[in-house]
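Encoded as structure tokens, the structure appears first; notes follow it.
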Amino acid sequence: GKIGVEIAGIEPVGMTVDGAGDIYVLDYDNNNNNTVGRLTEYLQNGTSRVVAEGFSANIFDIVLNGTTAIFGDSGYGLRQVDLQTGSVSTLMLLPEGGFDVGPDGFVYIDDPSSIQKFKPTTPGALLTVAGTGQTGSTGDGGPAIRATFGTGSLAVNPVNGDIALFDSIKYTIRVIAAATGTIQTVAGAPHSSGDNGPAVLAQIQLGNGLASDAFGNVYFCDNTGASIRKFSPSGIVTTVAGTGIPGNSGDGGTAVLAQVSPGGGLAADSRGNLYFVNAVPISPISYSLAIAVRKIDANGFISTVAGGGKAGVANGVNASNVSLSVVSSETVTSLAVDQTGNLYLAYLDPSETARILRIDPAGNISVIAGGGSLTDPDGTPAASAVLGNITGLAVNAAGVVYFGEGSAVHKIDSKGLLATVAGNANLPSNQTAIQAGAALSTQIGNPGPVTIDSSGNLIFCADAISS
């Protein structure tokens with residue numbers, strides 16, 4: 001009875017996009033107890049085609065290399081598929097770390113504690129680019145060929161060929177400059193918080209919120225450190241909110257002296273304001289969390305703009321007077337802000353009622369989606385719909401709201417009407433998205449964070465849970 005249905009067995013495991021904007025998805029299908037891996041191309045005109053199929057279920061990751069694609073297969077190794085003919089060949093045994101393709105056409109692999117490259121036409125001719133093969137974390141500032149590092153993931157800059165790698169020994173990110181062959185740590189340091197200093201000295205903690213502003217600053221939630229931090233274009237990390245002690249206090253004062261408990265959503269507007277979801281347990285024995293939306297203004301002062309009151313959520317109620325809560329710490333909350341200063345909050349309350357709220361600059365609430373009774377609401381008011389857990393939220397320059405839910409991405413247009421823009425809610429259970437051949441019939445499953453790029457394109461993480 002909720003928007004979108006999942007087609008049993010479809011498991012996306014890799015995705016990439018070519019220069020024309022066509023999307024290639026690597027997945028496998030467990031339908032009818034017959035596991036089949038395949039590669040599908042989704043074209044800009046809304047159609048799709050199966051490039052190749054018949055792989056095992058042990059496939060993962062995919063990168064493009066001209067007219068071919070390269071992917072990992074735990075059963076066979078590193079494999080290559082011709083995007084025109086669909087023919088598949090095995091290039092080499094599977095590397096222990098990651099792999100990528102550089103602008104020079106070489107395939108780069110991390111295996112083990114060294115980075116090597118080869119031409120797909122001559123996979124046996126390996127050239128060592130970095131690392132001695134010995135585990136360690138040394139060599140910064142010198143030739144990468146003499147450095148040591150731990151095996152991890154890597155990415156090659158598609159323009160200049162610089163190689164970024166995750167060093168699993170010290171949990172740092174290091175970059176090898178293609179022009180000079182030198183290696184340098186650029187972010188992470190396990191024993192220093194690094195505030196007010198270079199990013200190379202910053203401790204990196206896993207968080208569940210990320211946002212960037214018009215000035216090039218990147219903000220992230222440091223859940224372990226109970227803080228919100230900023231990475232500036234000049235490479236300096238600072239704390240913008242939080243003392244390191246979780247809580248929900250400090251309104252009216254400077255944000256760096258306030259207690260915060262980042263709970264998911266994070267959004268920056270064009271006026272220098274940063275919004276985040278604060279989440280604290282309702283009681284010591286409850287899984288549910290009381291949430292509030294807090295604002296850090298351009299001068300660094302913190303305030304609460306939604307939550308913390310006692311009133312129920314309803315149209316016209318001031319957001320600062322309402323009580324907001326979510327099912328548990330596992331519940332995704334999402335924030336977005338539009339160009340006119342309207343704030344959008346998506347959440348799932350303890351009764352498992354999902355809503356999207358719009359809070360205008362004066363603080364007045366409008367329930368724009370969810371909390372209704374319609375279970376097949378496309379073309380009807382979004383506020384009349386029954387929604388499942390919302391997993392991503394974005395708004396474009398025209399005020400159109402996009403969100404991920406169930407197995408689809410939906411939009412709310414300027415008239416408040418709901419429409420599905422990606423994913424499928426009506427395919428028969430025995431019909432896969434690939435058989436249907438149209439983008440709206442694509443099984444994407446649990447779409448994750450949703451965002452809008454500078455050209456107005458909608459970008460989302462397909463299958464954020466199962467992949």
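Everything quoted here is computed from the prediction, not taken from an experiment.
For residues 262-282, there are no salt bridge (charged side-chain N to carboxylate O under 4.0 Å, His left out) pairs, not counting sequence neighbours.
Side-chain contact between I359 and Y275 is absent, with no heavy atoms from C-beta onward closer than 4.5 Å. When side chains are defined from C-beta on, L165 counts as touching F149, because their heavy atoms get closer than 4.5 Å. Between R49 and V51 the shortest side-chain heavy-atom distance falls below 4.5 Å. Here the side chains of L266 and Y219 are in contact, with some heavy-atom distance below 4.5 Å. Contact check for E41 versus I23: no side-chain heavy atoms found under the 4.5 Å cut-off. Taking the side chain as every heavy atom from C-beta outward, V313 and V367 approach each other to under 4.5 Å. Counting only heavy atoms from C-beta outward, the side chains of I390 and Y347 never approach each other to under 4.5 Å. Residues V17 and D22 have side chains not in contact (no heavy-atom distance under 4.5 Å, counting atoms from C-beta outward).
Judged purely by distance below 3.5 Å, without hydrogens or angles, the side chains of N248 and R294 pair a donor atom with an acceptor atom. Counting only N and O atoms by type, the side chains of D338 and Y344 include a donor and acceptor under 3.5 Å apart. Donor-acceptor pairing under 3.5 Å is recorded for the side chains of D251 and T304. Side-chain polar atoms of N217 and S232 form no donor-acceptor pair below 3.5 angstrom.
In this structure a side-chain-to-backbone donor-acceptor pair under 3.5 Å is missing from T243 to Q259. Distance alone, capped at 3.5 Å, is enough to place a donor-acceptor pair between the N157 side chain and the V159 backbone. Of the possible polar contacts, one joining the Q44 side chain to the G21 backbone as a donor-acceptor pair under 3.5 Å is found. Looking at T333, its side chain does come within 3.5 Å of a backbone N or O of G263 through a donor-acceptor pair. Under the 3.5 Å distance criterion, the side-chain polar atoms of N278 are left unmatched by any main-chain donor or acceptor of I291. Counting only distance, with no hydrogens or angles, the side chain of Q184 and the backbone of V175 share no donor-acceptor pair below 3.5 Å.
Heavy-atom minimum distance, V156 versus G102: CG1-CA, 3.6 Å. For A258 against I302, the heavy-atom pair with the smallest separation is CB-CG2, 3.9 Å. Residues A226 and P246 approach most closely at CB-N, 3.6 Å, considering heavy atoms. Of all non-hydrogen atoms in N396 and A398, the two that sit nearest each other are OD1-N, 2.9 Å. Heavy-atom minimum distance, S227 versus P262: O-CG, 3.6 Å. Residues G379 and L417 share a closest heavy-atom pair of O-CD2, 4.0 Å.
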Test side chain to side chain contact (heavy atoms under 4.5 Å, CB included) applied to D27 and R38, step by step: CA-CA 6 Å; D27 68 42; R38 63 198 157 197; 3.0 Å; yes
One pair to check against side chain to side chain contact (heavy atoms under 4.5 Å, CB included): I70 and L78. What are the steps and the verdict? CA-CA 7 Å; I70 297 171; L78 207 58; 3.9 Å; yes
As a quick check of understanding, evaluate side chain to side chain contact (heavy atoms under 4.5 Å, CB included) for L374 and V386, giving each step before the final call. CA-CA 6 Å; L374 296 179; V386 175; 6.0 Å; no
Start with the C-alpha gap between T40 and Y42, add the side-chain angles, then the distance that decides, and say whether side chain to side chain contact (heavy atoms under 4.5 Å, CB included) holds. CA-CA 7 Å; T40 306; Y42 295 93; 3.7 Å; yes
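Atom CD1 of I296 sits about 6.0 Å away from atom CD1 of I228, to the nearest 0.5 Å. The CZ atom of R358 lies 11.0 Å from the CG atom of N364; values are rounded to the nearest 0.5 Å. Separation of atoms CZ (F276) and OG (S261) is listed at 8.5 Å; rounding is to 0.5 Å. To the nearest 0.5 Å, atom NZ of residue K295 and atom CG of residue N273 are 4.5 Å apart. Here the CG-OG1 distance, from L343 to T340, works out to 11.0 Å after rounding to the nearest 0.5 Å. The distance from atom CG of D378 to atom CG of L418, rounded to the nearest 0.5 Å, is 5.5 Å.
When each of V305, L393, V277, I356 is checked for a side-chain contact (heavy atoms from CB on, under 4.5 Å) with L345, only V277 meets the rule.
With sequence neighbours excluded, the residues that form a side chain to side chain contact (heavy atoms under 4.5 Å, CB included) with A69 are L39, I62, L64, V81, L83.
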